Visitor: 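Got a structure here, written out as structure tokens. Questions coming.
Keep in mind that what you see is a predicted model, and the values were worked out from it rather than measured.
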Amino acid sequence: MSYRSFVVDKTMELLSLHDIAMPFSLKVEALSDIGMTGMKNMLTILQGLEGTIFANLSEVRRNLMSSEIAVQLLECYSCKLLPWIHENGGAEEFVVQFAVKIWSQAGNSMDSNAPFEEKVLLDAMMKAMKISVGCCSVESQNVIIQKAYSILSSHTSFQLNDVERLPLTFGKYDISPRDEGILLLFTSVIIALRPKAHIPNIRGLLHLFIITLLRGVVPVAQALGSMFNKLISKSSVVEKSGELTLEEALDIIFNTKIGFSCNNMLQRCNGSSNGSEMALTDLCLSITNDRSLQTNAICGLSWIGKGLLLRGHEKIKDITMIFIECLMSDSKISLPLIEGSHENNEEQKWDPLARKCAAEAFHVLMSDAEVCLNKKFHATIRPLYKQRFFSSMMPIFQQLISRSDSSLSRSLLLRAFAHVMSDTPLIVILNEAKKLIPILLDCLSMLTEDIQDKDILYGLLLVLSGMLTEKNGQEAVIENAHIIINCLIKLVDYPHKTLVRETAIQCLVALSELPHARIYPLRTQVLRALPKCLDDTKRSVRHEAVKCRQAWASIASSRSLHF
């Protein structure tokens with residue numbers, strides 16, 4: 001009782017005091033640590049935190065400091081308090097109440113874009129909403145989604161009740177910052193739902209999401225991916241009549257026509273459009289005056305594909321073939337897996353940015369996402385899905401890369417397969433090491449040219465490092481030792497990422513353990529490349545360079561001693 005009176009209650013008072021001597025971040029840290037001393041204390045802290053958050057949200061338009069305070073409090077709630085509540089239990093009622101109040105606040109700000117026009121604040125609200133929903137049971141999630149849908153349908157210009165039967169155009173849905181903010185907040189709820197949670201008017205939402213993802217709203221694409229990952233299949237027992245099945249949703253994505261008028265206004269057509277018509281999947285392989293349409297369609301389809309890949313659905317094959325056809329668009333090689341691929345290809349001018357987006361789609365498919373489609377947000381994840389995908393895609397990429405007659409197509413294929421390799425478990429890579437090393441080295445050489453490729457370059461070096469430290473990989477490395485060493489020498493002074501330089505040097509150290517007959521002729525090249533590393537601005541790189549010089553110098557001395 002003394003602790004609650006003198007510590008908890010007094011610390012709560014700090015939130016309302018504008019004490020310049022004590023930074024607000026320090027107050028927040030103290031509150032979170034005190035709250036985690038016990039459930040009663042946590043509930044007291046939560047109630048005080050809630051009042052301060054909503055008081056500042058209501059003042060965002062008039063006071064700039066209110067936005068900064070709200071962001072710090074929401075970050076504390078999301079990153080510290082909610083994980084503790086989830087682990088210890090007993091406060092779900094508060095979490096639901098907090099999420100519902102955020103939606104009430106969103107609905108009440110009818111005359112203002114605040115807080116939706118401030119990206120940092122909106123991101124903090126989305127994160128808090130997502131983690132709150134993810135912590136809740138199905139019953140509590142249903143309460144939150146119903147409240148969220150009521151605000152989305154009644155406080156925005158989206159006509160959700162008519163969206164299925166009326167044409168949708170960009171002009172009709174010229175999204176205001178406020179409407180987009182509410183939509184983004186809504187996607188946070190969708191992403192975090194459990195598979196058994198009920199989404200109201202899911203067909204209308206699906207059509208709305210298709211239109212808005214073509215505007216480049218990435219969280220909408222992530223919400224679509226989450227929906228496709230969790231929808232029930234026809235083979236499952238449908239508990240409620242009228243529930244949208246996965247097969248029906250896929251039919252909408254692959255077959256629903258979107259109309260394009262001459263001024264690039266989009267509409268979902270009911271068969272009487274004056275413009276050309278195509279489905280979302282066709283748009284990925286089309287030519288439009290608005291170059292962003294194709295890239296946004298590819299981005300959206302990549303997240304849908306990720307949702308299907310995680311659950312092991314066979315439709316992922318069709319989606320990946322669409323991406324590959326986009327990569328090969330300037331090649332004369334036809335893809336037997338795609339009917340009518342590359343018809344009239346010479347007449348089309350493919351956008352290089354869209355093709356690069358298709359290569360990056362493989363990163364979306366294979367990488368572990370933190371913001372959606374993970375266990376924290378109740379994704380359906382089939383065991384070994386990455387291994388299966390790699391095994392199915394490797395022979396396709398091998399064949400296309402070897403037969404490619406276009407330098408651009410080949411570089412894009414290498415980029416796409418680099419994403420697949422870097423995110424595949426090492427044990428699978430080792431089993432195919434002999435086949436992969438030539439492609440891996442081509443990828444390393446190609447990715448050194450663009451600073452934006454530094455992360456994927458580092459990922460590939462980690463794959464190579466794994467090969468060098470495992471027996472299965474070493475056998476394949478020995479045959480290509482001279483090529484690998486020449487490739488690594490070019491990376492030891494890579495300017496854009498310290499970890500690339502470190503890992504390249506570490507790989508050279510590992511190569512020094514190979515049979516001397518293979519590596520001895522290359523010792524001079526390696527030793528000549530190291531002086532610039534010994535003068536590197538980063539201490540960690542210099543440290544690795546010293547170890548590398550010692551390892552390769554010992555090869556030369558031991559060889560001389562033997563003679």
Visitor: Does a salt bridge link Glu248 with Arg203, judged by any charged N lying under 4.0 Å from a carboxylate O?
Guide: yes
Visitor: Return the CG to OG distance between Asn486 and Ser445, rounded to the nearest 0.5 Å.
Guide: 10.0 Å
Visitor: Is the NZ or CZ atom of Arg382 both under 6.0 Å from the centre of the six-membered ring of Tyr385 and within 45° of that ring's axis?
Guide: no
Visitor: If you measure from the Lys or Arg side-chain nitrogens to the Asp or Glu carboxylate oxygens, is any gap between Asp368 and Lys375 under 4.0 Å?
Guide: no
Visitor: With sequence neighbours excluded, what pairs up with Ser540 under the side-chain hydrogen bond (donor to acceptor under 3.5 Å, both in side chains) test?
Guide: Glu502
Visitor: Can you tell which of Ile485, Ile437, Leu440 makes a side-chain contact (heavy atoms from CB on, under 4.5 Å) with Asn480?
Guide: Ile437
Visitor: State plainly whether the residues Lys119 and Asp123 are in salt-bridge range, i.e. N to O under 4.0 Å.
Guide: yes
Visitor: Test of understanding: with side-chain hydrogen bond (donor to acceptor under 3.5 Å, both in side chains), list the residues that count as partners of Lys497, not counting sequence neighbours.
Guide: Asp455
Visitor: Are the side chain of His378 and the backbone of Gly134 linked by a donor-acceptor contact shorter than 3.5 Å?
Guide: yes
Visitor: Between Lys315 and Phe254, is NZ or CZ placed under 6.0 angstrom from the six-membered ring centre and within 45° of the ring axis?
Guide: yes
Visitor: For the side chain of Ser391 and the backbone of Arg388, is there at least one donor-acceptor N/O pair under 3.5 Å apart?
Guide: no
Visitor: Should Arg501 and Asp536 count as an ion pair when the cut-off is N to O under 4.0 Å?
Guide: yes
Visitor: Can I get a per-line list of side-chain donor-acceptor pairs under 3.5 Å for residues 222-230, giving both atom names and the distance, sequence neighbours left out?
Guide:
from	atom 1	to	atom 2	distance (Å)
Ser226	OG	Gln222	O	3.1
Asn229	OD1	Thr380	N	2.6
Asn229	ND2	Gly307	O	2.9
Asn229	ND2	Thr380	O	2.9
Lys230	NZ	Ile191	O	2.9
Lys230	NZ	Leu193	O	2.6
Lys230	NZ	Phe377	O	2.8

Visitor: Are the aromatic rings of His496 and Tyr494 close, with centres under 6.0 Å apart?
Guide: yes
Visitor: For the pair Lys127 and Glu75, find out whether any cationic side-chain nitrogen is under 4.0 Å from an anionic carboxylate oxygen.
Guide: yes
Visitor: Taking the six-membered ring for Trp, is the centroid-to-centroid distance between Phe362 and Phe397 below 6.0 Å?
Guide: yes
